[in-house]
Amino acid sequence: MATYNHKEIEPKWQKYWDEHQVFRAEVDPQKPKFYVLDMFPYPSGAGLHVGHPLGYIASDIVSRFKRNKGYNVLHPMGFDAFGLPAEQYAIQTGQHPAITTEQNIKRYKEQLKGIGLSYDWDKEVQTCDPKYYKWTQWIFEQLFKSWYNRDKQQAEPVETLTAIFKKEGNADVNAACDEGTPVFTAEEWKAMSEADKQQMLLKYRLTYPAYALVNWCPALGTVLANDEVKDGFSERGGHPVERKKMRQWMMRITAYADRLLDNLQKLDWSEAMKEMQTNWIGKSYGCELDFKVDSKDITLTCFTTRPDTVFGVTYMVIAPEHELVRELTTPDKKEEVEQYVKKASNRSERERMSEVKAISGVFTGSYVINPFTDEKVPLWVADYVLAGYGTGVVMAVPSSDDRDFRFARYYGLPIRRVIAGTEELEDPTVKKHGKMINSGFINSMESEEAVQAVIKYAEEHGIGRAKVNYKIRDAVFSRQRYWGEPVPVYYTDDGIPHLVPEDELPVELPPVDEYLPTETGDPPLGRAKDWKYKGKYPYELTTMPGWAGSSWYFLRYMDPHNEKALVSAEAVKYWNSVDLYIGGTEHATGHLLYSRFWNNFLYDRGYIFHDEPFQKLVNQGMIQGRSNTVYKLKDEHKFVSAGLKDQYDVIELHVDVNIVHNDKLDIEAFKKWRPEYADAEFVMENGEFKCGVLVEKMSKSKYNTVTPDAMIEKYGADNLRMYEMFLGPIELSKPWNTHGIDGVAKFLRKLWGLFHDEKGNFIVTDEPARAEEHKVLHKTIRKVEQDIENLSFNTSVSEFMICVNELSRLGCHKREILEKLLIVLSPFAPHISEELWSKLGHEKSIIFASYPEFNPEYIKEDEHEYPIMVNGKLRTKIKFPLTKNPKEIEAEVLENEVVRKWTDGKPPKKVIVVPKKIVNVVV
RNA sequence: GCCGAAGUGGCGGAAUUGGUAGACGCGCACGACUCAAAAUCGUGUUCCUUCGGGAGUGUGGGUUCGAUUCCCACCUUCGGUACCA
């Protein structure tokens, strides 16, 4: 082979690795283990995009490096195969999502192998495989069979709970359970019917049914993901969406709130990531206070972290979806309140929280009594209060809370200052703590002291209690969808849910005629013919969410073919937690919390032996896509060009970047792409239809994906690998571009050139290397090894370039140097390294070579060139031997003529000599 | 809005603990080789400049002999915001 040809080399070595299963990892207690995990990809129809490999290449470099360092490396890959896009495709085409998914997985695997990633494919899992989801269902069942004992801070079997009930009732049980669970005695428990007992236990189980809000789209007859809703309309078709309560399975993740928070301390994660999870869990200390409603037999309880400001309450607010709103509205306000509630209930929480400037609310006509002042204050309903946080009722203190202040000012409600120093302020909320004023018995106390005094008073008078509140909510686990794991539950006539026995799992997904809800509004599984447990009892019709299968896949990788357990004790003891997990921050509050929750739960119940799944987590940045959008009129079947969008009331919709050229839309292709728009009208701009441009996450739903296929074809996998690493630090996000790819291509050719002459003859010699050559090599060994430990791969690539440039300049073709360089390079560019390694005469793969040891002797320096600064500005440079002491250096520097010129002969005020760094002369 | 991150030449980025800002690469310009082109190699390339020098790491302040790095305020972009995965 005369020149470097990736098309010959790369398939050859990929085939070799596959056939010899060189990446196979087996439990081997004699060897140290290292578990490197990649984010579980969803096999989208658009194929693997260039953003995926960024993390995958990085983790692959670490995996290969650790193998060379003598570790037993587990580096698996699999597919998060249930999900919305395959189902959407099924709805449109009638094709079973399993078929689409299988095709997509096949494509992904080819692409992954084409990049030369060192996965042990024997460990592959797919969440949609019944052999896999059998165990997802099994975990669901264990959660159902468990309750959370707060005294012991761990999950236990429900049997231990019923034993307590039988013995002493539930009064002293400290459990994670539903709000408002009634108190009962042992006798009352024993007297309950079996059905009543089961109903009661549902309040304690770690998974339980409840009613939760969903995005219901009547026109499409289906529930939409938040992702599919934009400004209250469906992204697909632009139909109105309303919020509706539906019965759903929930996961009691709140039981684990404290442990999920506390365990963060022992994890090697970025502070940013820990902070995001901490804030999401949102633990806050405060109290509940009870406010009686005037002339009604109702008490409203609010949660507050600032009970010290209770004397400043001038009104109360209740969330529009609060169940008591109707009852609390006086007849004269009925119409107004009902209208407001209806409007507010169709706004998403995010909208309600982000539009602080649009203040809205309605007076209910009712008054509540402040238990501390006996004062009557008006009760308002306003959408800045969310039903899901705290109690859905807020005591409004406009003088210390920003939103209360804006609201009060807008509606002309009174503002009473309760903190000294705010009396004269236009906006008193700028000072939130201090000595209390206008506050009865807490006057002149400091805020912190007053908080405790109010809580104490409230508890003594039975009008409140100290309370720890969490922002995190129990997770909705049901999806009104087809393409997900069936929930292994059936119902008896009394409506009680029962588990399908473990030995009958999995409950397989039945065939349906269409992937849409039924006429009666049941999920798609309601279409399955005669789908009943034992032919008699109806099954649960919702399916599990995407995060179910991905919350434990890292455990299954350890032992994927086990039919007796989700993972064997031997495997999980050996592989333990993940040593390095590389993935994006977009999973911070979803996948990475749910996985920790399930892992902690499985640990509690003794199925695994480590509580936290991911010891070290590194956040990879995102390769962003460049999206194009079109603007559709809200109420018409008409689109307008980007430049005209401000003149109309429009919604922005994503359009496939493949049918847009230079931001101009190919209208014919667009009509074909979305048949529902075949007869739409288009308002042009100078004869063309311009699209909007966005830089954002690469994702199929945004139609902006770019695959690595073309690049691999043209430049090769080694080139792609090094180029993606060369782009910058892996934790930074940036839009995809291929501007610098030629630089890496030149590097690979130069590397090849160290081993060959122009005619392609192999020219490596056995001559001993010179000191200079050793120095170049060892500088590289040190730098690259440090970089891999710090996951700073972009600088490694630079270092390799410098090394090869230097060796070329030195005309070095020596085995002693090149052999070691290849091992160091092989994690980055494995194919070319294998090829040259075998040309050097090795019969065993470079994967089994051991990493060269860095020798500091080779890079010793005996002098340093000091930058000489005068008043912080660089003026000259002088070389000094490292043995010279700072006093001598100072003296010589002051003698220097350049320095004398800049000091203008004046004596220096100060001379700073930092050994091995810098000299600064201050005048 | 709230939570988190980022911002350095024409472009991607480097600068390990507060110590030479712009490594490495792309692009561009010029040169060599060539009938020519490609490829390759070499030189230069932050900006301004009266050629002495001056300015400069999103903006405005601060700490320091010295700040891309630490502190305060702000701007812009990206990720998440509970049914995308």
Side-chain angles (χ1 to χ4, degrees), chain A residues 39-42 44 80 82-85 212 214-215 223-229 248 270-273 275-280 282 348-357 384 388 402-403 471-481 545-547 550 584-591 593 619 621-622 624 695-697 699-702 723 726-729 731-735 737-744 746-747 749 753 758 786-787 790 792 794-795 797-802 805 865-869 871-874 877 908-912 914 916-922:
Chain A
M39 284 279 167
F40 210 26
Y42 173 77
S44 139
D80 189 10
F82 279 127
L84 229 41
V214 295
N215 302 309
V223 169
L224 297 177
N226 286 336
D227 209 45
E228 299 172 297
V229 184
Q248 315 271 12
S270 71
E271 284 310 310
M273 183 58 87
E275 216 164 309
M276 275 191 262
Q277 290 207 342
T278 300
N279 293 338
W280 183 263
S348 68
E349 281 188 16
R350 197 184 309 176
E351 237 181 291
R352 285 167 54 177
M353 283 188 293
S354 46
E355 288 174 15
V356 274
K357 279 171 196 142
Y384 76 88
D402 305 297
R403 280 173 312 180
K471 205 152 77 208
I472 192 171
R473 308 198 292 253
D474 280 343
V476 181
F477 194 68
S478 283
R479 298 293 181 265
Q480 331 290 312
R481 294 285 176 177
W547 56 267
S550 61
T585 51
E586 70 268 29
H587 299 287
T589 53
H591 163 63
L593 264 181
N619 302 127
M622 230 173 285
Q624 287 147 346
V695 169
E696 59 188 354
K697 192 163 138 178
S699 128
K700 185 163 189 219
S701 65
K702 302 188 192 313
Y723 178 61
F726 192 50
L727 274 176
E731 64 272 15
L732 285 190
S733 294
K734 58 218 138 234
N737 77 71
T738 54
H739 295 329
I741 187 108
D742 285 332
V744 176
K746 273 184 206 164
F747 161 78
R749 281 200 296 269
E758 300 85 74
Q786 276 172 359
D787 282 348
N790 299 328
S792 167
N794 53 327
T795 50
V797 177
S798 298
E799 186 63 30
F800 282 124
M801 287 173 171
I802 294 168
N805 286 346
E865 188 177 44
Y866 283 83
I868 312 298
M869 309 179 93
N871 285 337
K873 287 197 198 311
L874 179 71
K877 291 177 186 178
K909 253 191 219 156
K910 201 170 176 184
V911 179
I912 292 136
V914 186
K916 279 187 87 175
K917 296 266 182 196
I918 202 167
V919 178
N920 193 8
V921 180
V922 187

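This structure is a prediction, so every number in the text was calculated from the model and none was measured. Order of the sequence lines fixes the chain letters, A, B, ..., with proteins taken first and strands second; residue numbering starts at 1 for each chain.
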Please give the distance between the [atom1] atoms of [N] and [M] as a whole number of Å.
N: C24(B); M: U45(B); atom1: C1'; result: 15 Å
N: G44(B); M: G9(B); atom1: C1'; result: 15 Å
N: G13(B); M: C78(B); atom1: P; result: 16 Å
N: C28(B); M: C11(B); atom1: P; result: 15 Å
N: C26(B); M: U34(B); atom1: P; result: 25 Å
N: C75(B); M: G60(B); atom1: C1'; result: 10 Å
N: A14(B); M: U20(B); atom1: C1'; result: 14 Å

Measure from the side chain of [X], starting at C-beta and using heavy atoms only, and say which of [options] lies closest.
X: K734(A); options: C26(B), G13(B), G25(B); result: G13(B)
X: V914(A); options: A39(B), G19(B), A21(B); result: G19(B)
X: K873(A); options: A14(B), A55(B), C26(B); result: A55(B)
X: N737(A); options: A55(B), U40(B), G12(B); result: G12(B)
X: Q786(A); options: U16(B), G25(B), G1(B); result: U16(B)

*How would you label the contact of I802(A) with the nucleic acid (heavy atoms, under 4.0 Å): base, sugar-phosphate, or nothing?*
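It contacts sugar-phosphate atoms only.
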*asked:* Mind checking if K877(A) touches a base, just sugar-phosphate, or nothing, with heavy atoms under 4.0 Å?
replied: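 Since a base atom lies under 4.0 Å of K877(A), the category is base.
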*May I ask you to decide if the ring planes of F800(A) and F747(A) are parallel, tilted or perpendicular, using 30° and 60° as cut-offs?*
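Ring orientation, 0 to 90° scale: tilted.
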*4.5 Å side-chain heavy-atom contact, I868(A) and L874(A)*: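 No, every pair of side-chain atoms sits at 4.5 Å or beyond.
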Identify the nucleotide, in any strand shown, that forms a Watson-Crick or G-U wobble pair with [N], with both distances under 3.5 Å; if there is none, say none.
N: A6(B); value: U76(B)
N: C41(B); value: G31(B)
N: U81(B); value: G1(B)

*When every nucleotide of nucleotides 75-85 of chain B is labelled 5' to 3' by its protein contacts under 4.0 Å (heavy atoms), B for base, S for sugar-phosphate only, - for none, what sequence of letters results?*
---SBSBBBBB
*Name the residue closer to the 5' end of RNA chain B, choosing between K910(A) and T738(A) according to the nucleotide with the nearest heavy atom.*
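The residue whose closest nucleotide sits nearer the 5' end is T738(A).
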_When you measure only distances, ignoring hydrogens and angles, does the side chain of N279(A) come within 3.5 Å of the base of C3(B) through a donor and an acceptor?_
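Side chain to base: no pair present.
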Presence of [X] side-chain N/O under 4.0 Å of [N] phosphate oxygens OP1/OP2:
X: K746(A); N: C26(B); answer: yes
X: N805(A); N: G25(B); answer: yes
X: N794(A); N: A14(B); answer: yes

*asked:* Given 3.5 Å as the limit, does a donor-acceptor pair link the side chain of N790(A) with the main chain of S792(A), or not?
replied: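 It does not hold such a pair.
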_Determine whether a donor-acceptor pair (N or O, by modelled atom type, separation under 3.5 Å) exists between the side chain of S478(A) and the backbone of Q248(A)._
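Answer holds: no.
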*Could you give the CE-to-P distance, from M869(A) to U64(B), as a whole number of Å?*
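Spelled out: CE on M869(A) to P on U64(B) is 18 Å.
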